[in-house]
Amino acid sequence: MFEIVGRLRCPVCSEPVQIDDKVFLDIINTVIHQKCYYKSPQRKLPIKDKSPFQKMLLKYSFFHELFRRKRASYTNAGSLLRCKNQFHNTFLT
């Protein structure tokens, strides 16, 4: 269920966000470590939510939808590559 854990990275420090990390969710749904948010010299967007990442995963369904779509796009990309190779082998050789 939590396949996104360890794959999602903080945009400030580039470290993977772990299940027990305290994070902020900004208004464009960017997950940022709380400690990094305050250290960052970049302009900051307003915060929508703050909690441990685990609580956020349970609260917002878009985390699950995002990962399902990403997995489906990899499957589609593999299908397209197979079709391209089959076309190449059939018509161009």
Side-chain angles (χ1 to χ4, degrees):
M1 179 175 172
F2 296 127
E3 297 175 32
I4 198 168
V5 175
R7 301 179 101 184
L8 183 69
R9 294 182 177 270
C10 173
V12 177
C13 69
S14 299
E15 292 294 318
V17 176
Q18 299 301 325
I19 197 87
D20 57 345
D21 288 350
K22 293 179 182 175
V23 296
F24 286 134
L25 185 70
D26 68 18
I27 60 170
I28 61 169
N29 296 333
T30 304
V31 176
I32 306 166
H33 291 120
Q34 288 183 16
K35 61 184 179 188
C36 296
Y37 183 84
Y38 293 115
K39 289 180 187 176
S40 174
Q42 297 172 334
R43 186 176 173 149
K44 297 170 178 75
L45 294 172
I47 296 300
K48 181 164 70 172
D49 197 358
K50 67 176 187 174
S51 67
F53 188 46
Q54 181 177 14
K55 187 175 179 183
M56 216 170 270
L57 285 171
L58 295 170
K59 186 174 181 180
Y60 296 99
S61 62
F62 63 82
F63 286 113
H64 309 286
E65 294 166 11
L66 174 70
F67 194 78
R68 272 189 237 122
R69 271 187 272 149
K70 192 168 190 169
R71 210 180 324 156
S73 69
Y74 289 144
T75 304
N76 292 341
S79 298
L80 288 172
L81 184 59
R82 284 191 296 279
C83 288
K84 176 186 167 262
N85 290 340
Q86 185 177 6
F87 175 83
H88 181 8
N89 292 338
T90 303
F91 297 106
L92 301 178
T93 54

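- With a 4.5 Å cut-off on side-chain heavy atoms, Asp20 and Gln54 do not count as touching.
- Scanning all heavy atoms of the two residues, the minimum distance from Lys50 to Gln34 falls at CB-NE2, 3.8 Å.
- A search for salt bridge (charged side-chain N to carboxylate O under 4.0 Å, His left out) contacts involving Lys59 returns Asp49, not counting sequence neighbours.
- Atoms OH and CG, on Tyr60 and Leu25 in that order, are 5.5 Å from each other to the nearest 0.5 Å.
- In this structure, the separation between CD on Glu15 and SG on Cys10 is 8.5 Å, given to the nearest 0.5 Å.
- Val23 and Ile47 end up in different hydrophobic clusters when Ile, Leu, Val, Met, Phe, Trp and Tyr side chains are linked at under 4.5 Å.
- Minimum heavy-atom separation, His33 to Pro16: NE2-O, 3.9 Å.
- In Lys48, the NZ atom is crowded: over 12 heavy atoms of neighbouring residues, nucleotides or ligands sit closer than 6.0 Å.
- Going from atom CE of Met56 over to atom NZ of Lys22 covers 12.5 Å, rounded to the nearest 0.5 Å.
- Residues Leu57 and Phe62 share a hydrophobic cluster, clusters being chains of Ile/Leu/Val/Met/Phe/Trp/Tyr side chains in contact below 4.5 Å.
- The side-chain heavy atoms of Thr30 and Leu45, taken from C-beta on, include no pair separated by under 4.5 Å.
- Considering all non-hydrogen atoms of both residues, Gln18 and Phe53 come closest at O-CB, 3.5 Å.
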